[in-house]
Amino acid sequence: MTTPLELVVLDMAGTTVLDDGVVEQAFQRAAERTGVADRMPWDEALDYVRVTMGQSKIDVFTHLSGGDAEAAARATAAFEGAYAEIVSEQGVSEIPGAADAIQGLKDSGLKVVLTQTSSVHAVAVAGDTVSDVESGRRAGAGFVAGVLTGAHDRPALSAAGADAVLSDVTALRGVLAQRDLLPLVATS
């Protein structure tokens, strides 16, 4: 007997919303603004972007920058800004029927999340129960936190395998930062 599903994770650009070249345009704007791909012809850089579509943006920019992590971080931040600009300028449209399909999944009792996550190891999970912590562990999440605002106490959450037990969810960002688990983004 198979385990019933509980969660559906859907990509956004090209899966639930029409891409119409927005991702490529955002890569190009970011490359132009940061010079991250200046070491190669743009056609070659764009081919690499197309081949690696769906992968972590920081990884793509790290390759384009010849391994320069700081340049890749600046370009990733520029990409995020450019993507938001383009969506604001051009709007975004759903893949025909995507909203109804998502609602149908939800109506079937499934939870649905939208992501562009590169790996389950790049996911943080936080919850207030032993079951939440165990579920994050079983799923292979890269970081699992217990929070003390609900059902279980610190010893129970720790025993279940939480990487950290927090007073509440507001402490999550801080602990992720302390452990260098936040994405590299430009601060300027």
TODO: Answer with yes or no whether the hydrophobic clustering places Val49 together with Val36; edges join I, L, V, M, F, W, Y residues whose side-chain heavy atoms lie under 4.5 Å apart.
DONE: yes
Heavy-atom closest pair (Phe61 atom, Ala72 atom, distance to 0.1 Å) is C-CB, 3.7 Å
To the nearest 0.5 Å, atom CG of Leu18 lies from atom CD of Glu94 at 8.5 Å
Is the side chain of Asp128 donor-acceptor paired with the backbone N or O of Ala151 at a distance under 3.5 Å, no angle test? yes
Interatomic distance, CG@Asp68 vs CZ@Arg39, rounded to 0.5 Å, equals 10.0 Å
Closest heavy-atom pair, Ala26 versus Ala82, reported as atoms and distance to 0.1 Å, is O-CB, 3.8 Å
Closest heavy-atom pair, Ala162 versus Gly146, reported as atoms and distance to 0.1 Å, is CB-N, 3.8 Å
Residues at least two apart in sequence or cross-chain that pass side-chain hydrogen bond (donor to acceptor under 3.5 Å, both in side chains) with Ser158, listed by chain then number, are none
Query raised in the report: When you measure from the side chain of Thr62 to the backbone N and O of Ile58, does any donor-acceptor pair fall under 3.5 Å?
Result: yes
Please answer: with hydrophobic residues joined when any side-chain heavy atoms are less than 4.5 Å apart, are Val23 and Leu64 in the same cluster? yes
dist Met40:CE -> Asp47:CG (nearest 0.5 Å) comes out at 10.5 Å
(request) Look only at the side chain of Asp163 and the backbone of Ala145, and say whether a donor-acceptor pair between them is shorter than 3.5 Å. (result) no
ask   = Regarding Asp132 and Thr129, is there a side-chain donor-to-acceptor distance under 3.5 Å anywhere?
value = yes
Value for OG1 (Thr16) from CG (Leu114), rounded to nearest 0.5 Å, stands at 5.0 Å
Show which side-chain atoms of residues 167-176 pair as donor or acceptor with protein atoms under 3.5 Å away, not counting sequence neighbours.
residue, atom, partner, partner atom, Å
Asp168, OD1, Thr170, N, 2.8
Asp168, OD1, Thr170, OG1, 2.2

#### Entry: Within one Ile-Leu-Val-Met-Phe-Trp-Tyr cluster: Val92 and Ile95, side-chain cutoff 4.5 Å
no
### Message
Are Phe143 and Leu157 connected into the same hydrophobic cluster when the rule is that any two of I, L, V, M, F, W, Y join if their side-chain heavy atoms are below 4.5 Å apart?
### Response
no
d(Leu46 CG, Glu44 CD) to nearest 0.5 Å is 11.0 Å
Residue pairs meeting side chain to side chain donor-acceptor pair (under 3.5 Å), one or both in residues 17-34, sequence neighbours left out, come to Glu24-Arg50, Gln25-Gln90, Gln28-Glu32, Arg29-Glu85, Arg29-Glu89, Arg33-Glu85
Nearest heavy-atom approach of Val130 to Ala160 is CG1-CB, 3.8 Å
Under 3.5 Å donor-acceptor, Thr15 side chain and Met12 backbone
no
Notebook entry, point to check: Can you get from Leu181 to Val165 by hopping between Ile, Leu, Val, Met, Phe, Trp and Tyr side chains that sit under 4.5 Å apart?
Noted result: no
**Prompt:** Going by the angle between their ring planes, with limits at 30° and 60°, are Phe27 and Phe79 parallel, tilted or perpendicular?
**Reply:** tilted
